[in-house]
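Note sheet for the following structure.
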Amino acid sequence: MAGPVAHRLSFSPWDPADVDRLVQWVAGQTWDNYVTRRPSPAIVRRRVAAGHYSGPNCATWWIGHQDADQPVGLVRLHDLQDPTALFDVYVCPAWRGQGLGLAAVRWLTRHVFHAYPAVSRLEAQTRADNWAMRVVLRRAGYVKEAHHRASWPTESGELIASVGYAMLRQDFETGQTTPVDWDDAP
Ligand SMILES: CC(C)(COP(=O)(O)OP(=O)(O)OC[C@H]1O[C@@H](n2cnc3c(N)ncnc32)[C@H](O)[C@@H]1OP(=O)(O)O)[C@@H](O)C(=O)NCCC(=O)NCCS
């Protein structure tokens, strides 16, 4: 982790026995850019039961800040048994725009490539209009690989574009960027 903000952050694993705290916290947030913006406690409990936050394939981490007595964000890793793992990052609104999102993506990238040797790619999908996340991904060295038209369902029923960014283990280890072969065929 680099930069002053990173030194004030901590990442601690969510304890799967502590369901109530996770349910209360997740249901207390507004999840802009997600398909379900205001998940009810019942929805979050169903997700917990379905292995959305923990298990062989998933792991969830709290983002802590030394000046906050509650978590300021959450990192969820999933598809950890596949060669391509995926992640979500959430920073509470009051803490956005201070570099926490970037520090979290840098942290989780290092964590996954160290702790899960079989993962060869880390990928993030987001709405094309999620500029904060796109800025973070680009700054963390992720490369845009996909632009899916009319693919992201919103609560209003509208489908908007989504984008996919990824980091290759090889690029993480060498510091090089493998280019995307955009011109192979139309
Ligand atoms: C995306 C998210 C994690 C970013 O966290 P963050 O702590 O605000 O990120 P950072 O402060 O590291 O960087 C965000 C950058 O995006 C910039 N930004 C924010 N909104 C922007 C916009 N509409 N257009 C262009 N840049 C924008 C910020 O100014 C900042 O850049 P700066 O450092 O030059 O000012 C946070 O906004 C969030 O939790 N959003 C809701 C959940 C979400 O969308 N998660 C991603 C799903 S994959």
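In each ligand, atom 1 is the first atom listed, and ligand 1 is the first ligand listed. Below, all heavy atoms of this structure are taken into account, side chains as well, without hydrogens, waters or symmetry copies.
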Fill in: Location of contacts on Val135 toward ligand 1, heavy atoms closer than 4.0 Å
side chain
Fill in: Arg21 NZ/CZ over Trp62 ring centroid, <6.0 Å and within 45° of normal
yes
Discussion item. Taking only non-hydrogen atoms of Gly97, do any sit less than 4.0 angstrom from ligand 1?
Written reply: yes
Worksheet item: Any Lys/Arg nitrogen of Arg45 or Asp20 sitting under 4.0 Å from an Asp/Glu carboxylate oxygen of the other?
Response: yes
For [atom], what is the closest protein heavy atom, and at what distance to 0.1 Å?
atom	value
atom 23 (N) of ligand 1	Trp131 CB, 3.7 Å
atom 13 (O) of ligand 1	Val136 CG2, 3.5 Å
atom 5 (O) of ligand 1	Gly101 CA, 3.5 Å

Among [options], which residue places a heavy atom closest to [atom]?
atom	options	answer
atom 19 (C) of ligand 1	Pro93, Ala132, Ser162	Ala132
atom 30 (C) of ligand 1	Arg96, Arg127, Arg139	Arg139
atom 43 (C) of ligand 1	Trp95, Trp31, Tyr90, Tyr34	Tyr34

Worksheet item: Can you hop from Val26 to Ile63 via hydrophobic side chains spaced under 4.5 Å?
Response: no
Item to complete: With Tyr165 as reference, evaluate Arg134, Gln125, Lys144 under the side-chain hydrogen bond (donor to acceptor under 3.5 Å, both in side chains) test and give the passing residue.
Response: Arg134
